[in-house]
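Data block below; observations after.
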Amino acid sequence: MSLLDSLNPEQLAAVTLPRESALILAGAGSGKTKVLTARIAWLIQTGQVGPNGVLAVTFTNKASKEMLHRISTMLPINTRSMWVGTFHGLCNRMLRAHWKEAGLPQAFQILDMQDQLSAIKRMYKVLGIDAEKFPPKQLSYFVGSAKDQGLRPKDVEAHDEYHRMMVRLYEAYEAQCQREGVVDFAELLLRSFELLGANPTLREHYQARFKYILVDEFQDTNSLQYNWLKRLAGPQGCIFAVGDDDQSIYAFRGARVANMVQFENDFNVQNRIKLEQNYRSVGNVLKAANVLIAHNKARLGKELWTEAGEGEAIRVYEATSDQDEAAFIIDRIKKLVLEEGYSRSDIAILYRSNAQSRVVEQALFNAGMPYRVYGGLRFFERAEIKHALAYLRLMDNADDDNSFSRVVNFPARGIGARSVEQLQDISTAQATSLYRAIHRMEGRAQAGLKKFADLIERMRFETRGLSLPDLVDKVINESGLIAHFQADKDGEDRVENLKELVNAAASFSIAEGYYRDAAATMVDEEKLITPLADFLSHASLEAGDNAAAAGQDAIQLMTAHSAKGLEFKCVFVTGLEEGLFPHENSIGNSVEGGDGTSVEAVEEERRLMYVAITRAREQLFLSHAQQRMLHGQIRYHLRSRFLDELPEEVLKWLTPKRAHIASQGWDALDSKVWGQNKTLNVGYSNKTSKRPYDIGTGVSHAKFGSGVVVSYEGEGDDQRIQINFGRQGMKWLMLSLAKLERS
DNA sequence: TACGTCCTCCTTTTT
DNA sequence: GGAGGACGTA
């Protein structure tokens, strides 16, 4: 059986397990995806289950597509009806098939984070709640984390007045979503979970159908996802969970590593297989990763090994500034591409936060190197695309107040805030949508709104019978979006993007088979929805970046988070500075470990660093900068602790490694910095303030040790000084009290 | 009342 | 560096 030939004994054991639940602890680069895919193929090929009896959950849409593709090359089956996807994608599918039972409209819409926030803000206005006191962002976080645990408002414990208010808001938010027929990301999961709970027939149907459930990246499941799986599997269920506790990087969104242990207990797991051989990286990279992650206390324990050679040493570069760091990267990439024969797509540049990409992008652009940024502003999140989608949504469902508010006056058509406010009042009073409220309006404000409603109606009428791409094309023109951006001298890119949306619709139609029979548009097994509604939900769940620039040989830019699950021959990990990576919010904080224990938040950052390092197959470059422009302000960071935690023997410092802060020669830096810009010192403007240490100076403090002066604020006796103490974190100290010494 | 411009505020990671 | 709010003008 050729399918199994390329597997090692451990992998083979995992792939060919009998029908029992199993936990596979798979290290980075140990062939996780391969094992998952091979198991599915093996199960089907040996006739143990049909393609429809398998449910596989992956972490990204990209991963599921890849998996389906691989299966289809191995087996002569139609993979289109297979249930392989993300939690959100699968729950969406289930809810679309059972919208009635789930209490949703047939064409419900999915709110992304941005939409969610604006929905919340509108609700605040209606309820007259002080947004200062109860920040909408916090509500959105509150709602999200409650739902991640499977909690509805009635189930949330409210300890104090603040919590009680939050619960009240949560309740109101839910009522509003219900009224508008929209769901947010978390709601998708929760609805599906509740649907399975409330409807035994349906539950038993799915339990009988999915004889085998496979889960990738199991360490990143939250409680709700875990319970969803449990409910779906049922008493006879068989779950094959693959994960790596060292790669758990989504605690901020409720991921619970403890699920792994709970899974073993709940399902009486007899098979725990460890995959520790790494097929991805050279020895030096692996050694660095092993030593780094050993600094974490909370681990199940695993040691990766490889048969590959040591490979190149890991190169470390200390840049003087973020610009210098980018220049170093460009320089190295040129060598890799021109002298060492790598293609550009073999090379990835990773960073901790999206904002860091800009400097590198600029440098790549100036050097004429094609690049591609993942994440950040995704295609479907761009303002112009969201506007176009909002028009499409309104045509599909006029009661969608979110979309209505977005485009009612975009492009500007003389409908001001006042008119919308009046409309809002009417819709609240009559408990109807904004769109319907138009007809009940009176006075001059109505004229403009009426015209807008007519526009939507006209577009709906005129696009009847058109194919999806033609429909989209018609709408971006009729709505005036194209004209608006064409008139804008900076709008060229936006026009391009809008045209790209037509292409995206076209490729979606082809992928989903809507072209095969344009007349019979309601098709496909469980999919009883129009192509438009289908496309809209697709837009909410997919980043949509596969359409753009596919096939281009380009340098890959992404956050360490988005790099999970991917691999590249050459990897640059940038911005290795205290406060950035590890991120300042994590330094000195503890988080609940999921089983009642307290874990340092930095451990998650370290896992993230571990993920970043282990993306590299052959060459790894690490860099940090002495000063960096952040939030429009120059900041000085110490070298990341992670660099010091790596084993010295696998590193090669391209710049001299400095012992520590005291000997860093800050004098030279001072003159450089102050020579360029005399106004660096934010918050300092008054003559009663003094500045005994220049920004960027190294100082030492009896308790916190050595650090770097970052900024000042206040004046006189209240004047405070901000110092980056590296490991001890960023501190604000009263200048008059703190005993500081120049170091 | 509508719209453009200036200013201020905030600033992790994502399906 | 960007988004949203405040303000001034048509």
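The figures that follow rest on heavy atoms only: side chains count, while hydrogens, waters and symmetry mates do not.
Taking only side-chain atoms of A:Y250, from C-beta outward, the nucleotide of B:dT15, B:dT14, B:dT13 with the closest atom is B:dT14. Among the nucleotides B:dT13, B:dT15, B:dT11, the one closest to any side-chain atom of A:S353 is B:dT13. Distance from the side chain of A:R358 is smallest to C:dG1 among B:dT15, C:dG1, B:dT12. Among the nucleotides B:dT12, B:dT15, B:dT14, the one closest to the side chain of A:F252 is B:dT14. Side-chain proximity of A:K137 to B:dT11, B:dT14, B:dT15: nearest is B:dT11. Closest contact between the side chain of A:E605 and the listed nucleotides B:dT15, B:dT11, B:dT12 involves B:dT12.
Partners of A:V360 under the side-chain contact (heavy atoms from CB on, under 4.5 Å) rule, at least two apart in sequence or in another chain, are A:I349, A:L364, A:L557.
Salt-bridge check for A:D115 with A:K386: passed, with a basic side-chain N closer than 4.0 Å to an acidic carboxylate O. A salt bridge does not link A:R253 to A:D148: none of the charged nitrogens lies less than 4.0 Å from a carboxylate oxygen. The existence of a salt bridge linking A:E577 and A:R639 is excluded, since no basic side-chain nitrogen approaches an acidic carboxylate oxygen closer than 4.0 Å.
Taking atom CG of residue A:L117 and atom P of nucleotide B:dT11, one finds them 12 Å apart after rounding to whole Å. The distance from atom CE of A:M558 to atom P of B:dT15 is 12 Å, rounded to the nearest whole Å. We find that CD of A:Q116 is positioned 15 Å from P of B:dT15, with the value rounded to whole Å.
In this structure, A:R256 is not positioned above the aromatic face of A:Y250 in the sense of NZ or CZ being under 6.0 Å from the six-membered ring centre and within 45° of the axis.
When base pairs are accepted only as Watson-Crick or G-U wobble with both N-N or N-O distances under 3.5 Å, DNA chain B takes part in stems of 3 or more pairs at B:1-10 with C:1-10.
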Identify the pairs formed between an N or O of the protein and an N or O of nucleotides 2-8 of chain B at a distance under 3.5 Å, and give each distance.
residue: B:dA2; atom: OP1; partner: A:G414; partner atom: O; Å: 3.4
residue: B:dA2; atom: OP1; partner: A:G416; partner atom: N; Å: 3.0
residue: B:dA2; atom: OP1; partner: A:S419; partner atom: OG; Å: 3.2
residue: B:dC3; atom: OP1; partner: A:G414; partner atom: N; Å: 3.0
residue: B:dC3; atom: OP2; partner: A:N409; partner atom: ND2; Å: 3.1

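Residue contacts shown for A:M629 are absent, as no nucleic acid heavy atom lies under 4.0 Å away. Contact annotation for A:F87: no contact, since no heavy-atom pair falls under 4.0 Å across all strands.
For A:Q225 and A:H583, each mapped to the nucleotide of DNA chain B holding its nearest heavy atom, the one lying further toward the 5' end belongs to A:H583.
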